[in-house]
Amino acid sequence: MTLLEVEKLRVAFRTRGLRAKPVEVLHGVSLEVAAGETLGLVGESGSGKTTIGRAVLGLVKPSGGSIRFDQREISGLSRRERRTLAPDIQVVFQDPYSSLNPAMTIGEILSEPLVVQGTVAKGARARVRALLDQVGLPSDASERLPREFSGGQRQRVAIARALALEPKLIVCDEPVSALDLSTQARVLDLFIDIQRRTGVSYLFVSHDLTVVRHISHRVAVLYQGDLVETGPAPDVTSTPSHPYTQRLLLAAPVADPALQRRRRERRARLRTSTAV
Amino acid sequence: MSTDRDHGSTTAEAASTGAVAAGHAVPRMPMWQRVLRDPQAVITLGTLIVIMLLGALAPFITPYGPNQTDLHAVNAPAGTPGYPLGADESGRDILTRLLHSINTATVSALIGAATALVVGATAGLVGGYFGTRTRAVTEWMFNLVMTFPGVLLLIVLMPVTGGDYRWTMLIFGVLLSPGIYRIVRNLVVGVKNELYVDAARVSGLTDLRILGRHVFFVVRGPIIIATAFMAGSAISVQSGLAFLGVGSREIPSFGAMISSGFRNLYIAPTQFLWPSLLLGLITTSLVLLGNALRDVVEGSKPAPAKVGAGQRAEVVADAEDAAAGTPALLDIHDLAISYPDPAGKQREVVRGLSLRIERGQTVGLVGESGSGKTQTAFATLGVLPDEAVITRGSIRFEGRELIGLTDAQLRPLRGKAIAYVPQEPMSNLDPSYQVGTQLVEDVRWALGLDGPEAKRRVLALLERCGITDPERTFRAYPHEISGGMAQRVLVAGAVASRPKLLIADEPTTALDVTVQAEILDLLRDLQAELGMAILLVTHNFGVVADICDHVAVMQAGRIVEVGEVARLFAEPRHEYTRMLLGSILDEKTVRADPPLVASEEGIRP
Amino acid sequence: MSQIARYRGFPVVLLAAALVLAACASGGGEATADGERELVFSVQTAPNSFDPAQLADGSQAYAWNSIFDTLLFRDLMTGEIQPNAAESWEYNEDGTRLTLRLRDDMTFSDGDPVTADAVVATMERSRDTPGTVQNKFQYVTAVSAPDDYTVVIEFERFDPQFISELYQNAGVIADPDTFGDDRGATEPIGSGAYTLDTAATVPGDTYVLRKREDHWNADAHPFTTVTIRVLQDPTAALNALQAGEIDAASVPPQLLPQVGDESTYTHTEFPAQSVMYLDILDRGGEDFPALGDQRVRQAINYAIDREGIVTGLLGGVGIPTNQVFNPQGEVYDEALNDTYPYDPERGRRLVEEAGHTGEVFQVPSTYLSTTFEAALSDAFESIGLGIEWVPVPPQQAQSAHRSGDYGMSFQVTPYTSDVADVINHFGQGGYANPMNHTDPTLDELIGEISATVDQEAALPIFRRLNEYVVEQAFEVPIAFNMTTWVTRDGVVMADNGSSRQTVRQFTIAG
Amino acid sequence: MLLYILRRLGAGAVLTVLVTLITFLLLSTSLDDVAATILGQSATPETIAALMADRGWDRPVAVQYAEWLVGAVQGDFGQSVYNALPVGPTVLQRLGVTLSLIVPALLITVLISVLLGVWAASRGGVADRLAQVISLIGNILPALLLAIGLVVVLAVQLSWLPATGYTAPADDVLAWMRSITMPVIVLVIGGVASMAAQVRGRMIDELRRDYVRTRRTRGASTSSIVFKHALRNAGSPALTVMSLEFIQMFGGALIIEQVFALPGYGSYAFNASMQGDVPVIMGVTVWAVLLVTAVNLATDIANGLLNPKARVH
């Protein structure tokens with residue numbers, strides 16, 4: 001069952017200067033996310049992968065195409081209408097430092113969406129405790145400020161906030177790339193664990209094929225605003241068919257000197273063959 | 001009039017280890033409590049409160065009214081019975097008038113600052129938060145206000161205000177408001193791009209709620225600071241106008257008193273003195289209070305240090321080492337670096353690190369954020385921030401002790417024998433000069449070449465570093481080239497001198513993987529060509545596996561394990577190394593479980 | 001930035017060096033050579049327009065009455081009216097026709113001779129042009145020139161003030177050629193002893209006058225160049241005087257002690273240039289019934305500590321008074337000054353009797369009143385009344401006085417002539433009486449004065465009027481203001497309180 | 001570039017019209033007071049009405065403003081209602097006086113501030129504390145007190161410099177320098193106090209930038225780092241500070257002009273406002289707005305030269 005359906009999505013940004021033409025960063029991208037599924041969205045900087053996520057979240061306005069959620073068109077909604085979607089679509093951002101208001105306690109951060117949606121204070125407190133438990137944080141965390149936590153813990157708070165309203169879809173924008181190696185794996189496992197328990201769908205944006213391979217059921221590869229390849233995760237991340245995905249795969253160094261040497265040589269061959 | 005800055009600042013690591021990020025490490029305490037702990041703030045605030053109280057209590061302190069005259073007391077000298085500070089040219093008690101002038105000053109400050117605050121902050125919040133069109137309107141309006149030369153306008157409008165200082169201060173408040181507007185608007189535009197505001201919008205918060213909850217908090221501190229300064233300038237301007245004789249002389253004010261004292265300067269110089277002193281005290285207190293508040297709210301600004309003095313070291317360089325044989329290219333021994341924490345105590349971030357690099361080796365220095373690897377690199381280059389102190393250890397390059405040298409003493413090595421490639425390519429190029437100009441500077445120093453020769457050499461280097469159109473890149477400004485290109489430029493500058501040691505601090509972290517691979521290839525090729533040693537600081541074991549022959553693993557300021565790359569990957573000895581290697585997402589695991597196909601209601605825990 | 005700093009730095013350094021050099025050069029001084037004598041003095045207000053229909057009296061006159069000849073002149077020592085451009089003047093029996101006989105040796109600075117036609121043209125223009133001079137011709141019906149040097153002025157009725165206007169702005173003679181032209185206001189052409197050097201003049205700041213050696217009265221003007229500098233701030237003026245940049249300045253009493261060395265500076269005290277008084281505007285009590293009550297008006301007179309104000313606020317440079325007439329003139333009666341001794345107790349009783357205790361009056365606060373406001377407020381309080389000073393910007397001072405919004409206003413009025421002073425203070429339409437208050441006694445006395453052409457004969461009527469108004473307390477006279485001029489470098493003042501502003505006041509000692 | 005300048009000038013023109021319109025509307029209500037002031041003691045309701053009719057002040061405000069605007073566009077700003085002097089040339093003359101104070105003062109301020117600020121920021125320690133003390137003293141010491149002190153000592157006591165008055169540089173350069181020395185000193189001390197602190201702050205920020213570290217590792221000399229790189233980058237914000245300082249000096253020169261009795265722009269405006277001289281106030285306003293617009297434009301253009309990112313294409 002398709003939960004999110006993005007069709008021929010175009011996004012253009014205005015640039016500085018009076019008569020400068022808008023720059024189009026997405027040239028008609030179509031993809032869909034099924035309920036309970038993770039779609040990994042891979043691409044390098046400038047590919048437009050983050051923009052897709054923000055368009056789905058309603059944080060940027062598409063210049064063309066459609067975004068349907070639960071069969072409902074959501075791309076042209078007003079801010080007021082958009083707010084009714086808050087319980088359904090949530091977000092976890094890349095930077096665990098700037099995605100939490102430094103002035104609010106964890107409890108305030110987590111209860112804010114609840115209160116906005118009309119939960120009474122007492123119910124909210126209980127829910128916050130449950131959420132903290134769900135992401136593996138101690139319940140006394142709610143009295144503390146974000147700066148008292150490490151990056152990984154903050155990202156858990158951000159996940160808890162996203163879960164607070166029991167959404168159907170969470171847009172994850174590079175949620176582990178700012179984390180240390182040892183934390184990265186644990187947070188990824190948390191994501192998978194939550195999905196297994198709740199059946200939430202992820203639109204998982206990342207530049208790192210390895211990460212995407214871990215969490216995604218299906219993977220879409222973006223290159224300069226166009227979708228170049230999409231398919232089941234094992235196929236796309238291990239035996240890509242598009243040359244760009246191949247390059248991407250070979251460029252990522254593996255933590256094994258011998259393997260990496262072979263990969264490097266393959267890449268060199270690929271480069272000479274494509275260069276000519 | 002762009003004041004944009006690149007916030008790429010130092011590496012994430014430095015930011016989290018150093019004391020730079022005051023906001024993160026300051027213990028949790030409400031702002032007013034922090035203000036009350038700052039002596040300068042307390043003293044100035046106390047002074048102002050005492051002065052204001054004196055003003056408010058004026059009717060109880062002196063028996064006279066502010067305009068009560070005694071014609072026999074005209075120009076009475078200080079100390080005359082009943083007139084402790086004397087009387088003025090109309091026979092009014094100077095002390096009484098001083099006290100009442102305080103009230104005038106207070107009212108001026110309140111009206112001026114409050115008007116500026118209300119007008120500027122409201123417009124700033126609105127203009128900053130809502131779209132570009134709203135902003136264009138507010139921007140235009142405040143530019144208009146900015147265009148008026150303030151005092152001149154107040155004077156031009158005198159026929160309208162009738163010289164009443166309260167109206168005048170209201171207008172002056174409007175004139176001050178662009179300052180507040182700009183502060184608020186910039187902050188709001190900044191906050192608006194913060195992810196937590198996006199998160200709040202996604203959570204369904206209304207704009208008003210976001211403004212009130214998330215945005216206003218950020219704006220609060222700077223507004224309070226600006227208010228202190230604005231209060232000061234409102235008082236000064238009111239005094240200036242009163243000095244010129246604008247408005248009623250019945251209103252006791254410092255300006256009117258100074259003016260009258262000025263007329264009697266030769267007869268009774270102290271008449272001029274008292275209001276000048278008190279006015280000076282008030283404005284000085286406000287300025288100093290504003291500075292103190294700024295320190296409290298924004299964290300104290302770093303004090304300047306002597307440029308080129310070299311990094312601080314508390315080490316007495318010991319005598320020549322007795323170790324026989326040829327010294328290593330780089331020999332770091334028992335290095336410790338500490339930073340002051342917000343409380344002022346020294347906290348070691350590097351704690352007795354030892355590392356040897358031989359000629360031609362490529363050594364990876366691996367660790368998680370905060371482990372001290374960048375600090376080690378900086379210490380070796382002699383560019384630790386001013387607040388860092390080397391507390392012990394030695395760093396020897398070809399046997400020569402580097403700790404304790406000044407920039408001038410290090411110059412013969414820098415850019416020649418030792419070179420550096422930074423993490424963030426953009427912020428490490430001077431934005432004001434063409435790329436070529438900066439490289440020519442490097443090449444002239446490194447190779448002693450003159451102008452045209454240096455340029456030829458730079459173009460060759462750029463080409464060697466994989467830049468396809470060297471001429472164009474040479475003429476480009478840093479903001480006109482891509483990150484990968486900028487990193488090639490920085491590599492080109494670093495290897496210009498064929499250095500013996502290249503220190504690369506996370507040289508590929510900020511780049512895309514495809515670009516990362518190219519830069520790593522470039523470094524490998526250059527190393528092979530020039531035979532230089534590389535100290536590569538990274539958190540990425542893939543990069544280590546790709547380029548390094550040796551690797552040192554750091555944890556919390558120490559090296560826990562060193563070894564050849566193949567050995568370390570194959571059989572890590574230290575538990576921490578094992579843990580790190582175990583955390584690496586392997587290449588083979590693929591998500592296997594199928595999507596949980598939900599029933600119509602979905603599944604909830 | 002560094003390049004810019006370097007680029008700009010060079011001339012800046014040069015400039016700084018030059019400034020230091022300049023500072024070491026000799027100070028300013030007097031340029032006296034070849035019998036050329038320059039006079040530099042300061043005034044506080046810049047002359048307005050030099051348009052003959054817009055000339056203002058007061059210190060502005062220094063400039064314009066050097067450029068223009070006036071028909072008559074008031075002797076600086078005796079106060080007598082003397083011939084000037086007019087050699088003689090004569091009224092007919094009932095004072096409705098004035099015949100003036102002009103000198104025949106006058107020329108305008110552009111060389112044209114001055115004839116009766118020029119006088120007629122100037123007067124007719126002033127009468128027809130709205131401006132400062134216009135209402136001085138309010139009774140004039142016709143001006144004519146029977147021959148080249150005779151001017152005949154016809155009046156609707158005798159105007160006792162008119163003759164004294166002829167040594168003021170209504171008496172100037174301007175070149176009719178300049179009338180159609182805007183430049184007349186800034187580049188005046190007159191027959192006076194000086195011409196305005198427009199090239200050297202900085203309007204609003206410095207006015208440079210060059211002597212016309214061919215002027216008929218050149219001998220009365222010893223200075224070949226007169227420079228009038230506008231220095232609004234008295235302290236700045238004193239500084240300029242002490243630094244030797246100016247030869248003369250009027251110095252406010254409180255600054256006098258710091259002038260310094262008696263051998264360098266000459267002090268000249270001018271008695272009674274003007275009278276300072278609290279004008280009661282609503283004398284009939286139309287809007288402010290309390291002021292219609294003679295007892296309240298008298299009470300206010302009792303409340304003022306005139307001696308205290310003179311010593312305290314005027315630095316002793318002034319004379320306390322109960323009457324407004326010029327103490328140099330003949331109407332002034334020393335005996336009247338005992339009418340209202342300082343007696344707040346008595347004042348308080350009078351106010352109580354009248355039943356107005358506790359009333360508070362709004363009074364415009366102007367640049368004139370500021371120094372005295374505090375003292376006056378105290379005085380009112382001492383008799384159970386109050387003053388609320390309402391700040392009024394300078395350009396509204398006149399309209400506030402006339403507006404009818406205020407029952408009183410503080411005024412300083414310069415003297416002109418006794419007749420003019422009567423009309424000014426007590427006549428209908430007089431400046432100090434904007435609500436046109438009158439009563440049968442006043443009507444009768446003023447009627448008699450206006451009908452008497454022979455001023456000597458009118459003197460007793462003047463005295464009766466003075467006595468009456470003092471007793472009625474229509475005004476609250478406070479003091480006569482005196483001015484002290486301080487001069488140096490051989491410049492002295494030759495004036496005995498003429499109340500005229502003319503460069504002829506300045507002479508060279510010895 | 002040319003288009004950009006034209007556009008900015010166009011915006012400036014619109015601004016000028018707007019500002020003068022507002023000013024005119026505000027002032028036109030007090031024309032009868034002005035008439036009364038002109039007439040002085042001879043003012044009566046009749047003479048006032050006659051004068052107003054004679055000057056055309058009884059016509060609708062819109063007509064009067066339109067007339068003024070048409071004249072102003074052709075360079076005719078009318079004449080003072082009091083002394084009939086043409087406003088246009090007088091404003092320029094007064095502007096010349098004030099600018100001949102401010103421009104040297106600003107240049108000296110910038111020179112000293114840059115040297116002091118750079119010195120403090122790049123030496124630290126005693127140098128820095130000294131610079132901060134200098135700034136603080138400049139902030140505390142009222143310009144007024146300083147001005148009076150200078151007059152008393154340098155002019156009255158020592159007779160080195162003229163106490164009052166102004167000589168145009170065209171007439172006598174030396175006399176001009178002597179006449180502006182004290183006002184310039186006062187302006188410079190106030191200016192340095194605020195500007196040196198700004199330059200210092202900017203330089204400290206700039207010296208902590210990444211590229212400075214990188215340049216050090218490339219063996220750049222201290223002077224190259226401080227002057228060629230850091231100061232250049234600090235220069236662009238400092239330029240903005242400089243333009244604000246200019247506007248502030250321009251507005252604040254009034255008190256200085258008053259104490260030294262200089263026939264400058266400020267005292268011209270002050271006297272005109274005191275008397276309600278509408279045409280003069282209008283002229284003063286126009287030129288102030290034009291001047292500020294021009295300064296801002298020049299600042300932005302200079303900024304573009306200094307800072308490639310802000311460059312206008």
Side-chain angles (χ1 to χ4, degrees), chain A residues 1 34-38 44-45 57 59 79 83 86 89-91 93 95 98-103 112-113 116-117 134 145 147 161 166 168 180-182 184-185 192 195-199 207 210-211 213-217 233-234 237-238 247-248 251-258 260 264 267, chain B residues 12 23-25 28 132 194-207 209 213-214 217-218 368-369 483 512-518 520-521 539-547 565-566 569 579-581 583-587 589-591 593-598 602-605:
Chain A
M1 203 206 94
E37 179 192 53
T38 302
E44 293 186 296
S45 54
L57 290 166
L59 296 173
R79 285 203 179 183
R83 283 201 287 274
I89 306 179
Q90 278 301 320
V91 66
F93 287 113
D95 185 349
S98 81
S99 70
L100 304 179
N101 188 336
E112 187 171 58
V116 168
Q117 296 301 330
Q134 207 174 349
L145 290 173
R147 62 164 173 262
R161 174 175 58 190
E166 302 176 348
K168 295 179 183 158
D180 269 329
L181 202 56
S182 51
Q184 217 175 43
I192 295 173
Q195 189 172 51
R196 284 189 187 138
R197 279 190 284 147
T198 65
H207 71 280
T210 320
V211 168
R213 182 189 296 127
H214 255 77
I215 195 168
S216 306
H217 297 103
T237 60
S238 304
R247 272 211 333 264
L248 204 60
V254 286
D256 178 332
Q260 172 60 16
R264 196 162 66 226
R267 183 163 53 87
Chain B
H24 290 271
R28 191 178 154 197
T132 40
E194 290 283 353
L195 292 174
Y196 64 80
V197 171
D198 281 341
R201 278 177 62 183
V202 172
S203 294
L205 266 68
T206 59
D207 288 330
R209 210 182 156 93
R213 255 190 108 99
H214 295 275
F217 167 78
V218 177
E368 293 198 296
S369 50
D512 278 326
V513 270
T514 46
V515 183
Q516 164 174 292
E518 290 165 18
L520 289 175
D521 287 348
H539 68 280
N540 187 332
F541 278 98
V543 171
V544 172
D546 186 63
I547 194 169
V565 166
F569 276 94
M579 190 278 287
L580 279 183
L581 288 174
S583 307
I584 296 171
L585 299 174
D586 62 68
E587 288 291 299
T589 323
V590 177
R591 179 89 184 258
D593 59 320
L596 195 69
V597 179
I603 294 167
R604 293 279 143 81

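Being a predicted model, the structure only gives us computed values, none of them experimental.
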Exercise. Who wins among B:Asp546, B:Leu520, B:Val513, B:Ile547 for the most heavy-atom pairs under 4.5 Å with chain A?
Worked result: B:Asp546
Exercise. Do side-chain atoms of A:Arg247 reach the backbone of B:Thr514 as a donor and acceptor pair under 3.5 angstrom?
Worked result: no
How far apart are the closest heavy atoms of [X] and [Y], and which atoms are they?
| X | Y | value |
| --- | --- | --- |
| B:Ala199 | A:Phe93 | N-CE1, 3.8 Å |
| A:Ala255 | B:Phe541 | CB-CB, 3.6 Å |
| A:Ser182 | B:Glu368 | OG-OE2, 2.6 Å |
| B:Ala566 | A:Pro257 | CA-CG, 4.3 Å |

Taking every heavy-atom pair that is under 4.5 Å apart, which of [options] has the most such pairs with chain B?
| options | result |
| --- | --- |
| A:His214, A:His207, A:Gln195 | A:His214 |
| A:Ala185, A:Ala258, A:Ala103 | A:Ala103 |
| A:Arg161, A:Arg83, A:Gln90, A:Gln117 | A:Arg83 |

Examine whether an atom of [X] lies under 4.5 Å from a heavy atom of chain B, and if so say whether it belongs to the side chain, the backbone or both; otherwise answer neither.
| X | value |
| --- | --- |
| A:Ser216 | backbone |
| A:Asp256 | backbone |
| A:Val116 | side chain |
| A:Arg213 | both |
| A:Ile89 | backbone |

Enter the distance from [X]:[atom1] to [Y]:[atom2] here, rounded to the nearest 0.5 Å.
| X | Y | atom1 | atom2 | value |
| --- | --- | --- | --- | --- |
| B:Leu195 | A:Asp95 | CG | CG | 6.0 Å |
| B:Leu205 | A:Arg79 | CG | CZ | 12.0 Å |
| B:Phe569 | A:Gln260 | CZ | CD | 9.5 Å |

Using heavy-atom distances under 4.5 Å, tell me whether [X] contacts chain A through its side chain, its backbone, both, or neither.
| X | answer |
| --- | --- |
| B:Asp593 | both |
| B:Val202 | both |
| B:Arg209 | side chain |

For this session: Go through A:Asn101 and B:Arg213 one step at a time and tell me if the side chain to side chain contact (heavy atoms under 4.5 Å, CB included) criterion holds.
Result: CA-CA 10 Å; A:Asn101 188 336; B:Arg213 255 190 108 99; over 6 Å; no
Problem set entry | B:His539 side chain near A:Leu181 side chain, heavy-atom distance below 4.5 Å |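 They are not in contact (no side-chain heavy atoms under 4.5 Å apart), so the answer is no.
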Exercise. How far apart are the C-alpha atoms of B:Arg201 and A:Leu57, what are their side-chain angles, what is the distance that settles it, and do they pass the side chain to side chain contact (heavy atoms under 4.5 Å, CB included) test?
Worked result: CA-CA 9 Å; B:Arg201 278 177 62 183; A:Leu57 290 166; over 6 Å; no
